[in-house]
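This one's a predicted model, so the numbers in the text were calculated from it and none came from an experiment.
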Amino acid sequence: MTTLPERLEAGSPYPLGASFDGLGVNFAVFSANAERIDLCLFDPSGRKELARYPLPECTDEVWHGYLPHARPGQLYGFRAYGAYAPEQGHRFNPNKLLLDPYARRLAGQLRWTDAVHGYHVGSPRADLSFDRRDSAPAMPKSVVTADSFDWDGDRRPNTPWSETVIYEAHVKGLTALLEEVSPPERGTFAALSHPKVIDHLKRLGVTALELMPVHAFTQDRFLQEKGLSNYWGYNTLAFFAPEARYLAHGSADEFRLAVRRLHASGIEVILDVVYNHTAEGSEMGPTLSLRGLDNATYYRLLADNPRHCVNDTGTGNSLNMASARVIQMVADSLRYWAQSFRVDGFRFDLGVTLGREGDDGFSPGAAFFDVLRQDPVLGRLKLISEPWDIGPGGYQLGHHPPSFAEWNDKFRDTTRRFWRGDAGQRPDLAARLSGSGDLFDRRARRPWASINMLTAHDGMTLNDVVSYDERHNEANGENGQDGHSENYSRNWGAEGPTEDDAIQATRDRVRRSMLTTLMTSLGTPMLLGGDEFGRTQGGNNNAYCQDNAISWFDWKRAASPEGQALSAFTARLIALRKAHPLLRAGAFLYGQEEVAPGVLDIEWFDERGQRLSPDDWQNPEGRALLMRRARRLPSGELELLALALNGADQTLSFSLPSEGLAYERLVDSADPQAGLGPVGETLELPGGAAVVLRGVGSVP
């Protein structure tokens with residue numbers, strides 16, 4: 001753009017954001033309470049403000065203007081004028097440059113100075129004071145973009161939920177140490193689709209790669225002051241812009257290409273998204289975007305004291321999902337990632353917050369859920385909620401509406417407790433193995449709604465669950481007191497790495513048993529990336545600030561004999577799940593349907609081969625469990641699949657309820673090299689071991 005006009009043309013209130021039409025750029029931004037909004041243009045370095053224009057029109061609370069001859073690549077920001085009245089919820093300060101909430105690219109990084117706050121930091125009046133310093137030198141700038149990518153021939157895998165196996169990973173951590181990737185591309189979107197990564201995922205048999213946050217996020221000031229960083233990325237700065245650190249060469253097409261290549265390999269891409277809060281934090285936080293544009297609309301504020309934010313997220317603020325414009329922003333962002341990047345689904349961080357409206361508690365009928373469910377684009381994708389926050393009534397596992405799956409922490413905790421030898425776990429484990437119908441069987445939901453997991457990014461890795469009794473978070477600089485205090489872990493005789501062969505053998509067996517439990521349970525299994533080869537964080541169960549080898553994948557460990565053996569065992573379990581429909585039933589099973597005379601669709605036995613009585617279920621010392629599922633094959637034959645679990649410390653002899661059919665061993669966690677082969681009427685199962693058996697034959 002060679003010549004800047006004296007003023008903007010009126011432009012259009014739709015679409016929101018900066019839109020290039022080939023002749024110029026239309027700018028549109030929502031604010032219900034602003035009195036004026038200026039568009040600020042910057043030179044390519046972002047240091048010099050070239051021009052400042054009032055947006056000339058306001059239509060339906062959307063301020064807009066059109067800049068002829070402007071092109072993609074133009075750097076810009078907004079300044080909003082209005083009341084600075086924190087007691088009324090308003091925090092307008094035109095001295096603060098604001099990011100466009102719809103910016104699809106950011107230039108530069110946020111530089112933490114007191115000037116990015118709307119108030120004078122250190123003033124006796126705190127946030128009631130007013131700071132007149134220009135924040136532009138410390139702010140990243142929004143960038144005009146024009147998306148163009150050839151998706152011709154791309155086909156979404158559209159993997160049915162019942163066949164889905166999720167692999168959770170971090171964009172940087174996955175490939176930061178992958179030597180086959182060129183150094184500039186390690187830890188970036190460009191490396192996600194490297195042949196070695198795709199080959200690894202395909203060998204495992206996972207069907208979906210779930211990526212931790214990729215939206216542009218901030219580096220927290222308190223972490224930088226400690227020499228640490230926000231590694232996980234749960235502090236969103238821009239809902240439409242990819243994180244610049246993950247762009248090897250500066251183009252968002254790197255991510256599009258990765259998605260396309262993963263699709264071509266049959267792998268879906270799910271994004272972990274954070275719409276419950278933003279990086280602006282509490283009322284004492286900075287003014288970066290939404291706070292300066294319309295604090296009273298974008299954020300939930302205390303009804304009796306709107307100076308303060310509602311903090312149901314534990315991060316200082318909560319987005320106001322009772323506002324139609326806020327829901328529109330979130331839905332537009334989701335639709336952008338679904339259409340422009342063709343991602344296949346979303347996992348909603350602290351999803352309960354998204355179901356809160358005003359001062360009301362959580363509701364599965366909240367507008368946010370309704371909007372997504374009816375949307376012709378979003379309603380067809382995989383939608384997953386983290387079903388809790390720290391607000392009132394914040395634990396809502398199983399209470400989300402149909403079409404949503406939910407992270408099932410009860411599966412995680414019960415499975416860990418059973419395998420570490422806790423008493424009284426048998427009844428709850430049976431419920432988790434059979435799809436958690438006690439939690440999810442309502443409103444025509446299906447077992448896939450339960451996202452079963454042993455571990456996730458938030459907590460210990462699977463290796464550490466069997467290697468440490470206590471968390472070891474000293475590197476986080478919080479005196480080791482951050483993170484979950486109860487991990488339901490067990491070190492089996494030594495804290496951390498050991499050269500004791502007996503302890504290591506027990507750890508390996510229990511770890512394989514936990515993986516067997518995960519992959520043979522009804523529901524949707526999610527594997528934490530690296531658990532398949534024994535990734536460790538040294539006992540750190542809150543590695544959110546560890547952008548280093550603590551968190552990164554150790555591909556040399558993956559290539560070790562031990563790592564390869566565990567990966568092969570995991571792949572075998574996933575293949576078993578895919579091969580046998582009984583392991584991924586489409587409906588909840590309650591042992592009420594007779595498949596053959598005296599044989600129910602699901603039944604429970606103890607090590608004696610006896611059906612569990614009410615007294616047996618209540619026996620806290622019962623640590624043996626055999627789950628048997630049954631179905632008729634098209635041939636008319638009966639198929640039985642049995643999962644025998646020994647959560648005791650000593651070997652138990654299992655009598656197998658076979659209905660006269662001969663069982664063959666499919667998987668044995670005590671002997672991972674064991675091939676297919678017949679077993680007798682009894683089975684000796686070491687403590688901490690699990691075995692999967694199959695029987696097929698004719699019955700009366």
**Message:** Quick check with a 6.0 Å cut-off and a 45 degree axis cone: is Arg125 positioned over the face of Tyr119's six-membered ring?
**Reply:** no

**Message:** Quick check on side chain to side chain contact (heavy atoms under 4.5 Å, CB included): which of Asn95, Leu98, Leu293, Asn93 does Thr287 satisfy it with?
**Reply:** Leu98

**Asked** Does some side-chain heavy atom of Asp127 sit less than 4.5 Å from a side-chain heavy atom of Arg91?
**Response** yes

**Message:** A quick test of your reading: do over 12 heavy atoms of other residues, nucleotides or ligands sit less than 6.0 Å from CG of Asn305?
**Reply:** yes

**Request:** Take Tyr102 and Val29, measure what side chain to side chain contact (heavy atoms under 4.5 Å, CB included) needs, and give me the verdict at the end.
**Result:** CA-CA 8 Å; Tyr102 279 67; Val29 60; over 6 Å; no

**Glu49/Arg79 ion pair, N-O < 4.0 Å** = yes

**Request:** For atom NZ of Lys48, decide whether the heavy atoms of other residues, nucleotides or ligands shown that lie under 6.0 angstrom number more than 12.
**Result:** no

**Prompt:** After noting the C-alpha distance and the side-chain angles of Asp312 and Arg356, does the key distance pass the salt bridge (charged side-chain N to carboxylate O under 4.0 Å, His left out) rule?
**Reply:** CA-CA 9 Å; Asp312 287 339; Arg356 295 182 184 273; 3.6 Å; yes

**Asked** Would you call the rings of Phe30 and Tyr298 parallel, tilted or perpendicular if under 30° counts as parallel and over 60° as perpendicular?
**Response** perpendicular

**Asked** Are Tyr544 and Asp458 linked by a side-chain donor-acceptor pair shorter than 3.5 Å?
**Response** no

**Message:** Pairing donors with acceptors under 3.5 angstrom, does anything connect the side chains of Asn476 and Gln546?
**Reply:** yes

**Prompt:** Within a reach of under 6.0 Å around CZ of Arg105, are more than 12 heavy atoms found that belong to other residues, nucleotides or ligands?
**Reply:** no

**Item:** NZ or CZ of Arg256 within 45° of Trp151 ring axis and under 6.0 Å
**Value:** no

**Request:** Indicate whether the side chain of Asn230 and that of Asn235 have a donor and an acceptor atom separated by less than 3.5 Å.
**Result:** no

**Request:** Determine whether more than 12 heavy atoms belonging to other residues, nucleotides or ligands lie under 6.0 Å from atom CD of Gln328.
**Result:** yes

**Message:** Working note: Leu39 + Ile37, criterion side chain to side chain contact (heavy atoms under 4.5 Å, CB included); need CA distance, chi angles, decisive distance, verdict.
**Reply:** CA-CA 7 Å; Leu39 169 71; Ile37 294 183; over 6 Å; no

**Fill in**
Which of Thr175, Leu257, Val214 passes side chain to side chain contact (heavy atoms under 4.5 Å, CB included) with Phe189? Answer is Val214

**Asked** Say you draw a straight line from CG of Leu23 to CG of Leu67; how long is it, rounded to the nearest 0.5 Å?
**Response** 12.0 Å

**Message:** We want to know whether His215 and Trp337 form a side-chain donor-acceptor pair, criterion being a heavy-atom distance below 3.5 angstrom.
**Reply:** yes

**Message:** I'd like to check Arg347 versus Lys382 (side-chain heavy atoms, cut-off strictly below 4.5 Å). Are they in contact?
**Reply:** no

**Asked** Are Arg325 and Asp294 close enough, and set up right, to give a salt bridge (charged side-chain N to carboxylate O under 4.0 Å, His left out), and what steps lead you there?
**Response** CA-CA 11 Å; Arg325 287 295 189 181; Asp294 195 345; over 6 Å; no

**Request:** Output the distance between atom CD (Gln224) and atom OG1 (Thr218), rounded to the nearest 0.5 Å.
**Result:** 8.5 Å

**Prompt:** So Phe369 and Phe404, would you call those rings parallel, tilted or perpendicular, with 30° and 60° as cut-offs?
**Reply:** perpendicular

**Request:** Kindly check if the number of other-residue, nucleotide or ligand heavy atoms within 6.0 Å of CZ (Arg52) is above 12?
**Result:** yes

**Item:** Side-chain heavy-atom pair Val197, Leu174 within 4.5 angstrom cut-off
**Value:** yes

**Request:** Check whether the side chains of His263 and Glu268 place a donor and an acceptor atom closer than 3.5 Å, and report yes or no.
**Result:** no

**Asked** With a 3.5 Å cut-off and no angle check, do the side chains of Tyr53 and Asp38 form a donor-acceptor pair?
**Response** no

**Item:** Pair Arg380-Asp375, salt bridge (charged side-chain N to carboxylate O under 4.0 Å, His left out): steps then yes or no
**Value:** CA-CA 8 Å; Arg380 300 170 62 186; Asp375 190 282; over 6 Å; no

**Message:** For Arg307, is there an ion pair with Glu283 - N to carboxylate O distance below 4.0 angstrom?
**Reply:** no

**Request:** Would you confirm whether Ser135, through its side chain, and Leu97, through its main-chain N or O, come within 3.5 Å as a donor-acceptor pair?
**Result:** yes

**Asked** Can Arg104 be said to sit on top of Phe240's aromatic six-ring, NZ or CZ under 6.0 Å from centre and within 45° of the ring axis?
**Response** no

**Request:** Please state whether the rings of Trp232 and His457 are parallel, tilted or perpendicular, taking 30° and 60° as the class boundaries.
**Result:** perpendicular

**Message:** So Val343 and Tyr336, do their side chains get closer than 4.5 Å, heavy atoms only?
**Reply:** no

**Message:** Contact between Arg245 and Lys172 at the side-chain level, heavy atoms closer than 4.5 Å - yes or no?
**Reply:** no

**Asked** Can you check whether Leu319 reaches Phe239 side chain to side chain, under 4.5 Å on heavy atoms?
**Response** yes

**Prompt:** Does the side chain of Asp389 pick up a donor-acceptor pair with the side chain of Thr353 at under 3.5 Å?
**Reply:** yes

**Message:** In terms of relative ring orientation, are Tyr275 and Phe348 parallel, tilted or perpendicular, with 30° and 60° separating the classes?
**Reply:** tilted

**Prompt:** With sequence neighbours left out, what residues match Ser229 under side chain to side chain contact (heavy atoms under 4.5 Å, CB included)?
**Reply:** Gln219, Asp547

**Message:** Let's go through Arg300 and Glu357 carefully: what are the C-alpha distance in whole Å and the side-chain angles of both, what is the deciding distance for salt bridge (charged side-chain N to carboxylate O under 4.0 Å, His left out) to 0.1 Å, and is it a yes or a no?
**Reply:** CA-CA 9 Å; Arg300 291 176 61 208; Glu357 298 178 343; over 6 Å; no

**Prompt:** Have Asp349 and Tyr234 got a donor and an acceptor in their side chains that come within less than 3.5 Å?
**Reply:** no

